[in-house]
Amino acid sequence: RIFKVFLYLFVASLMYVVVCRFIIPPITITQIGGLVDGYGLKRDYVSWDEISPNVKLAAIASEDQLFPDHEGFDWKAIEKSIDDKPKRKRKKRPKGSAASTISQQTAKNVFLWQGSGYMRYVRKAPEFFYTEAIELVWGKKRIMEVYLNVIEMGPGIFGIEAAAQAYFHKSAKNLSRQEAAMIIACLPNPKKFTVKPMSKRVSWRYPQIVKQMNNLDGDPDVAELIR
């Protein structure tokens, strides 16, 4: 019976992966958590063509510059994060930044849960499974589209359209390069690294993202993906 339960759950999860290839996930565990914690739920899902290329470029520049090229995991970054285990006390990397690709972040946001500590390790195996599944079933553009629609970009604010309206009173399609970088700079902790009022971290981070966006302008793989 236990085996059958796990088998049914496995098949159901695969079916949900396929379904989400065509529709934006109706709700996520992170969004439910925001409601429970009293932050509310502001979201307005939009299609690929309704998201400015500036936003897509900012996400790649800040979160995963190898996104067009890898198959879900940045193995070199993972190896480096393992090799960099400090023998003496050093400054820690920002939470969630070590070797976490956009594909991994999407899998975690859509199918799993947030959090660190013990639950972070419990999440690793299903995160690997769902990351590989969406890379295979969805493809890069769909992963980016879902990522930019479901990720939290402020307390109770989910997705780039809700963020664009909340911070700049315009649609995601009309965000400038600088505005897109400001929103993406709130990751990976949008409740702490606020866009408005602008936190010190966002004011420091977004010019760096703009610089990286400029550096990626001539990359043909990036240009093909974000258009």
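In this text, all values refer to a predicted model and were calculated from it rather than measured experimentally. Just the heavy atoms: all of them, side chains too, but no hydrogens, waters or symmetry mates, feed the values below.
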> Between CD of Gln65 and CG of Leu216, what distance do you get to the nearest 0.5 Å?
4.5 Å
> Is the charged tip of Lys42 near the ring of Phe158: under 6.0 Å from the six-membered ring centre and within 45° of its axis?
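Not flagged: Lys42 not positioned over aromatic ring of Phe158.
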> Within the structure provided, determine whether Gln208 and Lys211 are in side-chain contact (heavy-atom separation under 4.5 Å).
no
> Main chain of Ser47, side chain of Glu50: is a donor-acceptor contact present, judged purely on distance under 3.5 Å?
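Yes, Glu50 side chain to Ser47 backbone: donor-acceptor pair under 3.5 Å.
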> Closer than 3.5 angstrom, by distance alone: can the side chain of Trp138 be matched with the main-chain N or O of Val18 as a donor-acceptor pair?
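Not a single qualifying donor-acceptor pair exists.
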> For Glu152 and Pro190, work out which heavy atoms get closest and say how close.
O-CG, 3.4 Å
> So which heavy atom on Ala172 is nearest to which on Glu161, and how close?
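Here Ala172 and Glu161 meet closest at N-OE1, 2.9 Å.
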> Is the backbone of Ser52 close enough, under 3.5 Å, to the side chain of Lys173 for a donor and an acceptor to pair up by distance?
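Not confirmed, Lys173 side chain does not pair with Ser52 backbone.
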> State yes or no: are the ring centers of Phe129 and Phe111 separated by less than 6.0 Å?
no
> Do Phe67 and Lys140 have side chains that approach each other closer than 4.5 Å (heavy atoms only, starting at C-beta)?
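Of all side-chain heavy-atom pairs linking Lys140 with Phe67, at least one is under 4.5 Å.
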> Any side-chain heavy-atom pair from Asp44 and Gln165 closer than 4.5 angstrom?
no
> Looking at every heavy atom in both Arg201 and Ala185, which two are closest together, and how far apart are they?
NH1-O, 2.8 Å
> Can any side-chain N or O of Tyr206 pair as donor or acceptor with the backbone N or O of Ala180 at less than 3.5 Å?
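No; judged by distance alone, with no hydrogens or angles, the pair does not exist.
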> Assess the residue pair Thr106 and Asn109 against the criterion (side-chain hydrogen bond (donor to acceptor under 3.5 Å, both in side chains)); give the C-alpha distance rounded to whole Å, side-chain angles, the decisive distance to 0.1 Å, and a yes or no.
CA-CA 5 Å; Thr106 305; Asn109 274 276; over 6 Å; no
> Main chain of Leu57, side chain of Arg177: is a donor-acceptor contact present, judged purely on distance under 3.5 Å?
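No.
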> Any chance the side chains of Gln104 and Thr131 put a donor and an acceptor closer than 3.5 Å?
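Distance-only check fails for Gln104 and Thr131.
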> Would you kindly check if the NZ (Lys) or CZ (Arg) of Lys108 is within the cone defined by 45 degrees around the ring axis of Tyr130 and under 6.0 Å from the six-membered ring centre?
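No, Lys108 and Tyr130 do not form such a contact.
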> Check Lys170 with Glu179, please: is the shortest side-chain N to carboxylate O separation under 4.0 Å?
yes
